[in-house]
Amino acid sequence: MADYDLAIIGGGLNGVSLARDAAGRGLRVILLEQGDLGGAASSATPHLIHGDLSVLERRGFWRVRRALVERKIWLKSAPHLVRPMRFVIPAHSDERPPWLVRTGLLLYDRLAARGGLPASATIDITHHPVGNALKRPFGMAFEYSDCVVDDSRLAVLTALDAAERGAVIRTGARCVRADRTDIWRLAVVDRGHRHAITSRALANASGGWTASVAETVLRLPPPRASAMQISQIVVRKLFDSDNVYVFQNSDGRLIFASPYERDFTLIGTVTHPFKGDPAIVAMPGAGVTYLCEAASRYFRERVEPTDVVRTLSGVNLAQEPARGRDGGMSFDAKRRKAPLITMFGGDVTTVRLRAERAVTRLTPFYPMSPRWTAGAPLPGGVFAWQRFEDEVDAARDRWRFLTEAQAQRLVAAYGSRLPAVLGDAKSRDELGQAFGPELTEAEVRYLMTTEWARFPDDILWRRSKLGLTMPPADRERLAAFMTTVT
């Protein structure tokens, strides 16, 4: 008998979503991630849960409808991570006629299962707060509803839910060989120790490494796909309104500028073919310049490459021919050979649905429970999204030493599971030593013992974004402290 029913290579959003779905259906699951959960492309998505207007423009009506249904599911299952916002498109007749944009948004409303989100509208930004940060030529704009998400935190909590349903999650574990007969025999190097496991089925969900894993580990032909790099930039806060701006660039692309971690703005995205090691990916200077110029076309405050405080880049595969947000999924079940799932690409919005469909392909091989993830909250998500501010108020009532900003961050990260982090602390001192203005020893211990954090970057850039503001001296103290936690 095999050790597991399903072994998964890769701990990005695709991999952890497969693990969650399969574990919840009663399968014995192990996930192997060579680095950190959500540590590569899953930390560099556009941070959006949306139907995607560019897909609508290409007449992908069914894909938009499907994504908007998923948007409603995410709002219900992860109300702490997924936040609804109003998206603003300044009218720009040089790119798309205003009547065309308005017509598209009316169709977007019709396709949406809005779930309480307001419909699109036309606004005069000459006398509206959203126009304060923009250049004067833009007098009219269109508003519509969509959502933003903390992508890397979503990956971690999806893995946590999988673990609580019985999945084994191994970070720092690399599969170096997989032999296929009627079962899979895997050789794994787990934090320096080599051991073997067996599994009845295998999933290759290794993101930018999917092709190399197929060739070198599985010794099979790689999928017909191209490696693509997606990149964004982070600059200091450019506007005060709680909106996402959607800019029509001169080449027809849509550029997003989103509020990011209170004091910053996220601008993206640029995508281009990639060659090389996905572990060593950097945003080219041309991409930085492109996004700065696109933003400067609209904002009063000019954005220069020297204003960029951080770039976000990741590599994933895109199917040939490109299928956008659907990504790629193949199922190989040759006679007398153990099944193989290959899953890559796609976007955050539809990852739950893609994983559900992939796991369902295994039903002829062993019995499992019905599909379930559409109705189940992620850890911390047991409240209605409309009550997020109530959760913040309740946190400040219980832990009176929290500032408004601290409570906002903690509820957005942990939701209704915040008591597991802060316990019954009556003062900030009871949470142990502090690393910077926000991170405490109690939170670090929780992330290390519950959410697989091993190194400072795991905490500062994936389980939070506190690396944007933490002073170097505090980072060094954090690194020293983490070596003492067992």
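Computed over heavy atoms, backbone and side chain alike; hydrogens, waters and symmetry mates excluded. Starting from 1, each residue takes its place in the sequence as its number.
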Derivation and outcome, side chain to side chain contact (heavy atoms under 4.5 Å, CB included), residues His92 and Arg297
CA-CA 11 Å; His92 198 312; Arg297 187 183 185 194; 3.0 Å; yes
Checking side chain to side chain contact (heavy atoms under 4.5 Å, CB included) for the pair Arg165/Val29: CA distance, chi angles, key distance, verdict?
CA-CA 10 Å; Arg165 297 175 189 276; Val29 177; over 6 Å; no
Considering non-hydrogen atoms only, spot the tightest contact between Val16 and Ala155 and give its length.
CG2-O, 3.6 Å
Minimal heavy-atom distance between Asn316 and Gly345, with the atoms involved, is OD1-N, 3.3 Å
Residues Lys465, Asp150; criterion salt bridge (charged side-chain N to carboxylate O under 4.0 Å, His left out); working and verdict:
CA-CA 10 Å; Lys465 303 297 183 290; Asp150 185 337; 3.0 Å; yes
Examine distances only and state if a side-chain atom of Arg236 and a backbone atom of Val309 form a donor-acceptor pair shorter than 3.5 Å.
no
Kindly compute the distance separating CE (Met470) from CG (Leu466), expressed to the nearest 0.5 Å.
5.5 Å
Would Ser54 and Arg253 count as having a side-chain donor-acceptor pair, cut-off 3.5 Å?
no
Which distance, rounded to the nearest 0.5 Å, do you find between the CZ of Phe142 and the CD1 of Ile123?
10.0 Å
To the nearest 0.5 Å, how far apart are CG in Leu27 and CG in Asp5?
4.5 Å
Ignoring hydrogens and geometry, is there a side-chain-to-backbone donor-acceptor pair from Asp347 to Thr350 under 3.5 Å?
yes
Any side-chain heavy-atom pair of Leu53 and Leu56 under 4.5 Å:
yes
If you round to the nearest 0.5 Å, how far is CG of Leu460 from CZ of Phe455?
13.5 Å
Look only at the side chain of Asp307 and the backbone of Val303, and say whether a donor-acceptor pair between them is shorter than 3.5 Å.
no
Donor-acceptor pair, Glu70 side chain versus Ile49 backbone, under 3.5 Å?
no
Taking the side chain as every heavy atom from C-beta outward, state whether Leu312 and His47 have any atom pair closer than 4.5 Å.
yes
Before you tell me yes or no, could you show the steps for Glu451 and Arg417 under salt bridge (charged side-chain N to carboxylate O under 4.0 Å, His left out), namely the whole-Å CA-CA distance, both residues' side-chain angles and the distance that decides it to 0.1 Å?
CA-CA 13 Å; Glu451 294 191 6; Arg417 292 203 174 185; over 6 Å; no
Run the salt bridge (charged side-chain N to carboxylate O under 4.0 Å, His left out) test on Glu356 and Arg352 for me, step by step, so that the C-alpha distance in whole Å, both residues' side-chain angles and the decisive distance to 0.1 Å come before the verdict.
CA-CA 6 Å; Glu356 180 182 79; Arg352 183 208 66 84; 3.1 Å; yes
Could you grab the distance from atom CZ of Arg71 to atom CG of Asp52, nearest 0.5 Å is fine?
12.0 Å
For His50, is there any backbone N or O sitting under 3.5 Å from a side-chain donor or acceptor partner on Thr349?
yes
Min side-chain heavy-atom separation Leu353-Arg66 under 4.5 Å
yes
Hey, are the side chains of Met343 and Ser17 touching, using non-hydrogen atoms and a 4.5 Å cut-off?
no
Where is the tightest heavy-atom contact between Ile125 and Met140, given as atom of each residue plus distance?
CG1-N, 4.0 Å
Tyr298: which of Tyr245, Phe239, Phe247 passes ring-ring contact (aromatic ring centres under 6.0 Å, His included):
Phe247
So that I know where these two stand, are His80 and Tyr414 an aromatic pair - ring centroids less than 6.0 Å apart?
no
So do the side chains of Ile169 and Trp452 get within less than 4.5 Å of each other, counting heavy atoms only?
yes
Please verify the inter-ring angle class for Tyr108 with Tyr144; under 30° counts as parallel, over 60° as perpendicular, anything in between as tilted.
perpendicular
Would one find more than 12 heavy atoms of other residues, nucleotides or ligands at under 6.0 Å from atom CZ of Arg387?
no
Can you name the closest pair of heavy atoms from Ala44 and Gly314 and give their distance?
CB-N, 3.6 Å
Ser145 and Arg86 side chains, donor-acceptor separation under 3.5 Å
yes
Roughly how far apart are Arg20 CZ and Leu13 CG, rounded to 0.5 Å?
12.0 Å
Heavy-atom donor-acceptor pair, Asp161 side chain to Thr158 backbone, under 3.5 Å:
no
Of the non-hydrogen atoms in Pro278 and Gly208, which two are nearest, and what is the gap between them?
CG-O, 3.4 Å
Tell me whether Glu261 is salt-bridged to Arg310, with the criterion being a basic N under 4.0 Å from an acidic carboxylate O.
no
With side chains defined as the heavy atoms from C-beta onward, is the minimum distance between Trp385 and Leu117 less than 4.5 Å?
yes
Backbone of Arg357 reached by a side-chain donor or acceptor of Arg371 within 3.5 Å:
no
Verdict with supporting geometry, Tyr260 and Gln232, side chain to side chain contact (heavy atoms under 4.5 Å, CB included):
CA-CA 12 Å; Tyr260 191 67; Gln232 300 161 92; over 6 Å; no
Are the side chain of Thr450 and the backbone N or O of Leu447 linked by a donor-acceptor pair below 3.5 Å?
no
Do Leu37 and Leu31 have side-chain heavy atoms sitting under 4.5 Å apart?
yes
Measuring only between side-chain heavy atoms, which start at C-beta, is Leu48 closer than 4.5 Å to Phe87?
yes
Check Arg462 with Glu33, please: is the shortest side-chain N to carboxylate O separation under 4.0 Å?
no
So, Ser206 side chain and Ile9 main chain: donor-acceptor pair closer than 3.5 Å or not?
no
Lys/Arg N to Asp/Glu carboxylate O, Asp36 vs Arg463, below 4.0 Å:
yes
Has Lys135 got a side-chain atom pairing as donor or acceptor with Ser296's backbone, closer than 3.5 angstrom?
yes
Should Arg262 and Glu438 count as an ion pair when the cut-off is N to O under 4.0 Å?
yes
Leu220 vs Thr342, test: side chain to side chain contact (heavy atoms under 4.5 Å, CB included). Steps then yes/no.
CA-CA 11 Å; Leu220 294 171; Thr342 302; over 6 Å; no
Taking all atoms of both residues into account, what is the closest heavy-atom pair of Glu143 and Asn243, and its distance?
OE2-ND2, 3.8 Å
